[in-house]
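To start, the structure itself, in structure tokens.
Numbers restart at 1 for each chain; the letters A, B, ... are given by sequence-line order, proteins then strands.
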Amino acid sequence: MSDNRRPGVPDGLDSLIMKIAVCVKQVPEATGQRKIDPSSKRLDRSGEGALNQYDVNAVEEALRIKEANGDQGEVVLISLGPESALDAMRKGLAMGADRAVLVSDAAAAGSDLVATSYALAQALARESADLILFGQQSNDSDGALLWAAVADRLKLPVISQAAELTIAGGKARAKRQTEFGYDVVEATLPAVVAVSDAINEPRYPSLKGIMGAKKKPQDILSLADIGAETGRAGEAGSRTEVLTLNAPPSRGSSQKIEDDGSAAEQILAFLVERKLV
Amino acid sequence: MDLGLSPEQREIQGLAREFAQAEIDPHAAAWDRECRFPAELFRKLGEVGLMGICVPEELGGAGAGFVAYVLALEELSRADAGVGVTVAVHTSAATLPIVAFGSAGQRERFVPPLARGETIGAFALTESDAGSDAASLRTRAARQDDGSWRIDGAKQWITNGGAAGTFILFARSDPQQPGARGISAFLLDAAHVRVDRHTEKLGLNSSSTVDVVLDGAEVPGDRLLHAEGRGFEVAMATLDGGRIGIAAQAVGIARAAYEVASAYALERRQFGQRIADFQAIQWKLADMATEIDAARLLVLRAAWRREQGLSHTVEGAQAKLFASEMARRQTAEAIQVLGGYGYTKEFPVERYYRDAKITEIYEGTSEIQRLVIARELLGLRERSPA
Ligand SMILES: Cc1cc2nc3c(=O)[nH]c(=O)nc-3n(C[C@H](O)[C@H](O)[C@H](O)COP(=O)(O)OP(=O)(O)OC[C@H]3O[C@@H](n4cnc5c(N)ncnc54)[C@H](O)[C@@H]3O)c2cc1C
Ligand SMILES: Cc1cc2nc3c(=O)[nH]c(=O)nc-3n(C[C@H](O)[C@H](O)[C@H](O)COP(=O)(O)OP(=O)(O)OC[C@H]3O[C@@H](n4cnc5c(N)ncnc54)[C@H](O)[C@@H]3O)c2cc1C
């Protein structure tokens with residue numbers, strides 16, 4: 001954190017001034033139907049794009065941390081994607097983030113998890129942020145993994161499923177959602193934290209924010225700009241190869257029970273009949 | 001030619017849509033049933049900036065332009081037409097005329113609270129005997145020796161009247177001049193008017209429509225808006241732009257009806273098939289979608305011309321005429337697609353039908369729009385009615 005010292009800031013506050021990087025992804029608009037492009041065997045991302053919903057939570061959390069610190073510090077949005085991803089990133093800027101860095105390069109198209117995490121780690125290394133926030137998962141590929149891969153590459157601690165986050169004394173402390181309740185986990189900064197949607201209620205971007213977003217720095221960087229080797233990004237750097245795609249098998253005929261007061265009995269009879277209870 | 005929206009316009013449209021889905025959709029049916037004006041909603045709309053979309057930044061607005069404004073109005077009206085008209089009257093009938101005709105002092109004092117949604121605005125022209133023929137209004141403003149005004153009279157069906165803090169009110173300042181030329185516009189506070197009656201209506205129940213009385217209201221001299229005797233000019237210019245907003249409201253209502261009808265047609269089964277498989281239903285939906293698009297294009301053209309500073313009297317009147325009649329027709333068709341369910345309060349289409357009707361009446365009836373269009377096109381200029 002010491003590398004973000006600002007002149008003229010009282011000593012006590014200095015440790016609170018943070019640079020927060022938020023990794024965000026443009027995903028197809030939730031209302032549209034998902035289609036696989038048969039020729040590339042990838043998700044058809046040609047329609048309207050939106051900011052991944054979990055990433056909106058991550059941006060909100062970053063802004064709250066900054067606001068709690070007297071609005072000092074910086075929130076930087078980082079993404080890997082086509083140039084159109086800037087449209088989605090602008091929503092984060094409209095909410096209040098300070099600038100956007102988009103890594104966009106023809107040689108990065110077709111990046112799988114391994115290649116994406118490499119490129120993002122390269123971009124993040126240039127920023128040396130105190131805190132790196134991710135959404136828990138993206139609503140198109142639903143990997144819920146990228147933050148782990150990126151943290152591993154940057155050799156930083158990682159906390160996932162964060163439902164509450166506090167930053168104090170150079171540490172990130174998170175309540176981590178589990179099946180049975182909460183774990184409280186602490187990590188020394190800099191750290192990677194992936195947030196769940198329980199962490200906050202994101203604000204609406206304001207109209208002033210929308211109108212002001214175009215004046216905020218928005219950099220589009222190539223792989224060369226972030227010092228990434230082209231062979232390690234895009235299809236060339238991907239370890240996944242999609243061989244064929246099939247529709248999920250049908251689950252067979254289903255039986256629908258309308259509850260007329262006897263639904264519980266009917267379900268019980270169904271389970272008993274199959275010796276499941 | 002470019003029919004695309006700018007990134008900001010798309011984002012504002014998206015924000016209005018998102019806001020409407022989360023904050024309005026879940027309550028619209030109850031507000032309608034209870035005839036409830038959702039005062040707290042407008043504070044929230046103000047916080048995100050939707051109460052001053054096209055008001056200049058230096059006066060507290062977002063400075064986003066008239067196209068963005070009508071896009072947002074369509075989204076709000078899709079969720080609740082009453083909310084749509086509240087924002088429309090507040091913005092284009094109350095705030096923008098002060099921006100356009102106000103003195104520097106009036107702009108600085110009245111516009112920022114309106115643009116931020118802290119104060120709601122109203123526009124008071126209509127009287128019991130002066131509707132389409134607004135220039136025959138009788139509310140009287142008498143100049144006092146100290147330069148102030150004393151206003152007596154009554155205004156009818158004033159949208160936002162029950163909640164407004166700023167009224168643009170039209171009164172006859174020169175009793176010797178019976179027509180348009182004897183009228184002046186004034187900026188009034190809530191304390192200047194007495195709300196006499198809340199109007200019961202066919203629809204648009206979440207909007208406030210009231211009669212107000214002026215009992216010798218003492219109005220300081222600096223509340224005269226624009227020059228003395230030129231109030232009717234303010235009214236006509238305001239309605240020129242305001243109509244475009246009402247047209248956008250009509251498009252929003254029709255779109256809401258279309259969305260319910262098309263989803264229903266794909267679900268409802270009769271004679272062993274989805275009713276969407278009957279060509280009769282397909283054609284209804286195809287016509288609905290086509291007419292909604294046509295209306296929206298007329299709205300966007302008029303809004304774009306206004307934003308560019310081009311004339312838009314005919315284009316705005318055409319947009320309102322077509323969009324409002326389309327909305328009345330197509331909300332009725334939506335009920336038809338839903339059959340008996342459409343006529344019940346279990347579905348929102350009957351509300352859309354009731355709400356759509358008003359768009360053919362206020363800010364100039366359809367007959368008056370035809371008259372405006374014909375007079376302009378044929379070069380027959382007479383005294384303009386509202
Ligand atoms: C063979 C193959 C080819 C692919 N080609 C493409 C392609 O051309 N274009 C494409 O978009 N995807 C492509 N994908 C999908 C891509 O691999 C995943 O999007 C990526 O690995 C992230 O995984 P996820 O989306 O499941 O993220 P998750 O692990 O579910 O995401 C968690 C969080 O990571 C962050 N995040 C995710 N993706 C990004 C990103 N791109 N930039 C910044 N932050 C991010 C967000 O904070 C997100 O909430 C391809 C996948 C395969 C297997
Ligand atoms: C819900 C609601 C909200 C309103 N909000 C406001 C508001 O905020 N501020 C405000 O000032 N007013 C408001 N009004 C009033 C509205 O603008 C008037 O109702 C409208 O201008 C029509 O006037 P009228 O009702 O007196 O009808 P009339 O003028 O009496 O018209 C009756 C019929 O005669 C037709 N007609 C009239 N003149 C002609 C002509 N020259 N040629 C052909 N046909 C003609 C009309 O088209 C109509 O069909 C509101 C009204 C309602 C119902």
Side-chain angles (χ1 to χ4, degrees), chain A residues 24 26-33 46-57 59-60 63 67 77 79 81-97 100 102 139 197 200-218 220 256 258, chain B residues 4-25 41 43-73 75-76 78 87 91 95 112 115-117 255 259 262-263 266 307:
Chain A
V24 299
Q26 183 185 41
V27 295
E29 183 96 76
T31 47
Q33 282 206 340
S46 57
E48 283 279 298
L51 192 59
N52 179 36
Q53 195 51 44
Y54 284 91
D55 303 353
V56 178
N57 291 104
V59 173
E60 175 67 30
L63 295 173
E67 284 158 4
L77 309 176
S79 189
E83 286 197 13
S84 65
L86 263 190
D87 286 347
M89 295 180 87
R90 254 198 304 270
K91 173 166 182 183
L93 294 176
M95 287 172 70
L102 173 66
N139 72 7
D197 55 358
N200 55 40
E201 189 70 48
R203 71 196 64 190
Y204 295 105
S206 71
L207 258 81
K208 286 214 167 83
I210 289 173
M211 299 305 289
K214 65 173 169 224
K215 290 175 219 131
K216 293 183 175 175
Q218 303 168 35
I220 299 186
K256 194 167 164 188
E258 297 271 358
Chain B
L5 301 178
S6 74
E8 285 80 23
Q9 288 165 344
R10 257 184 291 130
E11 281 160 41
I12 292 168
Q13 181 184 46
L15 167 64
R17 185 175 300 162
E18 195 186 331
F19 184 96
Q21 277 166 1
E23 313 284 342
I24 304 176
D25 275 347
L41 180 80
R43 194 185 41 75
K44 281 193 197 172
L45 277 164
E47 277 166 19
V48 296
L50 288 167
M51 296 296 272
I53 302 171
C54 51
V55 177
E57 259 183 292
E58 61 276 17
L59 290 172
F66 210 81
V67 171
Y69 166 65
V70 297
L71 291 169
L73 271 188
E75 295 303 326
L76 298 176
R78 188 206 60 80
V87 175
T91 309
T95 312
R116 291 193 295 262
R255 196 180 106 215
E259 284 171 8
S262 55
L266 289 166
E307 188 168 305

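- Taking CZ of Arg10(B) as the reference point, atom CD1 of Ile210(A) lies at 12.0 Å (rounded to 0.5 Å).
- Top candidate by heavy-atom pairs under 4.5 Å with chain B, chosen from Pro205(A), Ala213(A), Gly209(A), Gly212(A), is Pro205(A).
- Scanning residues 85-94 of chain A against chain B with a 4.5 Å heavy-atom cutoff picks out Asp87(A), Arg90(A), Lys91(A), ordered by number.
- Using a 4.5 Å cut-off between non-hydrogen atoms, the part of residues 58-66 of chain B that approaches chain A consists of Gly60(B), Gly61(B), Ala62(B), Gly63(B), Ala64(B).
- For the atom pair CG of Leu207(A) and CD of Glu57(B), the computed distance is 10.5 Å after rounding to the nearest 0.5 Å.
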Problem set entry | Chi angles and distances behind the side-chain contact (heavy atoms from CB on, under 4.5 Å) call for Met211(A), Ile12(B) | CA-CA 9 Å; Met211(A) 299 305 289; Ile12(B) 292 168; 4.1 Å; yes
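- For NZ of Lys216(A), the number of neighbouring non-hydrogen atoms (other residues, nucleotides, ligands) closer than 6.0 Å is greater than 12.
- Taken to the nearest 0.5 Å, the CD atom of Glu47(B) stands 11.0 Å off from the OH atom of Tyr204(A).
- Separation of atoms NZ (Lys208(A)) and CZ (Arg116(B)) is listed at 7.5 Å; rounding is to 0.5 Å.
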